[in-house]
2 protein chains.
Amino acid sequence: MKALPTPSGTETGAVTIYDVAARAGVGIATVSRAMRGSAPVAEATRARVLAAVEELGFRPSHAGTSLAARTHAANGIVFPDLSGPYFAEVLLGYEEAASRLGRSVLVLATHGRPDADAAVRDLAGRVDGLVVLGRTVPDETIAALGDVPVVVVARPVLAGVDSIRADNLTAARTLGEHLAGHGVRRVAFLGSPEESPDVAERWRGVRDGLGAHGIEPTVTPCLFDEDSGTRVAAGLLAVRHRPDALVCANDEIALGAIVAAEEIGLRVGRDVAITGWDDVMAARHARPALTTVRQPMRALGSLAAEVLDERITGDRTTPRHELLTTDLVVRDSCGLHP
Amino acid sequence: MKALPTPSGTETGAVTIYDVAARAGVGIATVSRAMRGSAPVAEATRARVLAAVEELGFRPSHAGTSLAARTHAANGIVFPDLSGPYFAEVLLGYEEAASRLGRSVLVLATHGRPDADAAVRDLAGRVDGLVVLGRTVPDETIAALGDVPVVVVARPVLAGVDSIRADNLTAARTLGEHLAGHGVRRVAFLGSPEESPDVAERWRGVRDGLGAHGIEPTVTPCLFDEDSGTRVAAGLLAVRHRPDALVCANDEIALGAIVAAEEIGLRVGRDVAITGWDDVMAARHARPALTTVRQPMRALGSLAAEVLDERITGDRTTPRHELLTTDLVVRDSCGLHP
DNA sequence: TCGCCACATGAAAGCGCTTCCTACGCCGTC
DNA sequence: GACGGCGTAGGAAGCGCTTTCATGTGGCGA
């Protein structure tokens, strides 16, 4: 609104490449070349052009550029949801890496909205490539994106599509065996495996790990938030032969479960073991501190950006599949240490 | 890579408005009108066009559209950083509201990078409006954005620019008075007021509230993460006449401070009061639970998107300044309740 | 001294869309 | 029966940029 924007003074709209060309006394092609370095320009001319750019405060219009150059210099990322530390961290890593690679980031949270499909397709139309997390849209939608490079994160491998995942299976097995070592007998898994491929893997791993010790866990569906954790755990713990271990699909559920256990007078880590997944900040501050599994969330995001970039630049044409390691973090909520 | 993308089969690139026009046997102008409803089109023609659109899987190119219509259908949001629950929640609210309003969201984290200025200007060139959080870029940068609508969040009011803030001052005063009621005498504020306008307000409010009871707090600079909180608090608590209350600029610092206090055998809530700000998840799970101030983070984000939209659509031309209320959440870390 | 070549540059053709302006039917009316 | 008006649709001109193609200039070798 102030007079600041256009040093030239009178202009209303933005300054275009024509203004710069006129000012520098050259053609628009030369301005373009001087700025992008796409072809040689005499040193004196380049200096003149850059001076004009500076004086006029010229910023090339992105719409014009992407139309002509058929590129967007932007990446997309699709989340099922944006709440919780997990997604924030992944986004953080992604944004950091993408902007280091000179790309803007467009975020989209499908959040269970019915038109998620259309939203993703729309997004695909304004980026050079995109990352899709977990169960946001069906495989068909991804396949139908056509020639826009896609990297899936925390989702099963899809033919021809790059993927990046954390190794849920191994850590889950280790967790199951660790719990068996604590002498638990009746184990309940809280979470909905069918809601997320990641959770399905965790469930499978835990079952394997416990199964090796003759323990057969049960699964109880549960939304991935604290309140649901409290509610579901309360129901589970209220019965006569209650479980002596609650393996939760994420930390939020586990933290909620701890509340439920304490409410009915159970000592977490003694009367009942409770474990989470993700190692969010609250996990280590809770008392008893939560036994959980740490996954490299930020690395998941930054690696996704890098893998995607290879596709966009065409540096690589064969699919790449990465499996990042996770760590079991043993604290007090799973039982007293020997 | 598969044959899925273009039902027409042979096409390599994307299908354009010309393809649709040819298929429907109309001109491109009619296709545009039929799709956007910008002018009346005979019902039969419209049906024919829409059928062609459907069959060809036509998606208008965003670059073409924004170039011709001089609009981007996208909003930007600039964060100083993306870590921590605060920003994630704000983004969540923003994305939700923006996409409800039919706009994509571009995120940018300046993260102390030296070219933040250029990055913000670049961002401004690809959106219809943007939100700037806290101390990411100087006022001049915002002013120089010219005619791109801007809404600042958690930042002092700027002439002619819409703003949305949480009421730090009132809650901070209340917090100061509450602590005074607990009988504290030596109060240290942990955080760097000069780093963030929000924090400066919190510091001012706390000082006011305590000052009313004859207590003069001191301020100790501190980065806004747990480790810094632990380190700074450890230093503060190690001296002979240690503070009996640590007022922390955010929950991360406070949680870190609790660790430091417990490490040297102090009982938080008895020997030393510790308070935070934000009410993150870990605050209520920590033991003792953290006394803190809850701010409507998600509302901050969604309101920003709405206020921005009013500017973009031109529904409003006078600045709007919103101050959202915050709540003191008293738990155990600030002292035993009478 | 003449001719050729490399280099630097400008003109112009799009990129895919929106929209103004014009043209064409068809209807109702005098 | 001819004319004006309205509803509908097409042509074409941009939007701001990149890039191809053609042109002009100077320098060099012969």
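All values below were derived from every heavy atom in this structure, side-chain atoms included, with hydrogens, water molecules and symmetry-related copies excluded. Note on naming: letters A, B, ... go to the chains in the order of the sequence lines (proteins, then strands), and numbering restarts at 1 for each one.
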(message) Check this for me: does any side-chain nitrogen of one of A/D198 and A/R155 sit under 4.0 Å from a carboxylate oxygen of the other?
(response) no
(message) I'd like to know whether B/T30 forms a side-chain hydrogen bond (donor to acceptor under 3.5 Å, both in side chains) with B/R46, so could you lay out the CA-CA distance, the side-chain angles of the two residues, the decisive distance to 0.1 Å, and finally the verdict.
(response) CA-CA 8 Å; B/T30 302; B/R46 150 171 289 120; over 6 Å; no
(message) If I take atom CZ in residue B/R48 and atom C1' in nucleotide D/dA9, what distance separates them, rounded to the nearest angstrom?
(response) 11 Å
(request) Look at A/R320 together with A/E310 and state whether they make a salt bridge at an N to O cut-off of under 4.0 Å. (result) yes
(message) Between P on D/dG7 and CZ on B/R33, what's the gap in Å once rounded to a whole number?
(response) 14 Å
(message) For D/dT19 and A/R36 - does any side-chain N or O of the residue sit under 4.0 Å from the phosphate oxygens OP1/OP2?
(response) yes
(request) Go through D/dA9, C/dT9, C/dA12 for me and flag the one nearest to the A/A42 side chain. (result) C/dT9
(message) Between A/D19 and A/R23, does any side-chain N to carboxylate O distance fall below 4.0 Å?
(response) no
(message) What I want to find out is whether A/R103 reaches A/E96 closely enough, with some N-O distance under 4.0 Å, to be called a salt bridge.
(response) no
(request) Answer yes or no: is there an ion pair linking A/D122 with B/R59, defined by an N-O contact shorter than 4.0 Å? (result) no
(request) Using a heavy-atom cut-off of under 4.0 Å over every strand shown, decide if B/T45 touches base, sugar-phosphate, or nothing. (result) sugar-phosphate
Check the interface with nucleotides 13-16 of chain C: list each N/O to N/O pair with the protein under 3.5 Å, or write none.
| from | atom 1 | to | atom 2 | distance (Å) |
| --- | --- | --- | --- | --- |
| C/dC15 | O3' | A/R70 | NH2 | 3.3 |
| C/dC15 | O2 | A/A68 | N | 3.4 |
| C/dG16 | N2 | B/G64 | O | 3.3 |

(message) Can you tell me if B/S38 touches the phosphate of C/dT18, counting only side-chain N or O atoms and a distance under 4.0 Å to OP1 or OP2?
(response) no
(message) Let me spell it out: for each of A/S32 and B/G25, pick the nucleotide of DNA chain D with the closest heavy atom. Which residue's pick is nearer the 5' end?
(response) B/G25
(message) By the 4.0 Å heavy-atom rule, please label A/G125 as base, sugar-phosphate, or nothing.
(response) nothing
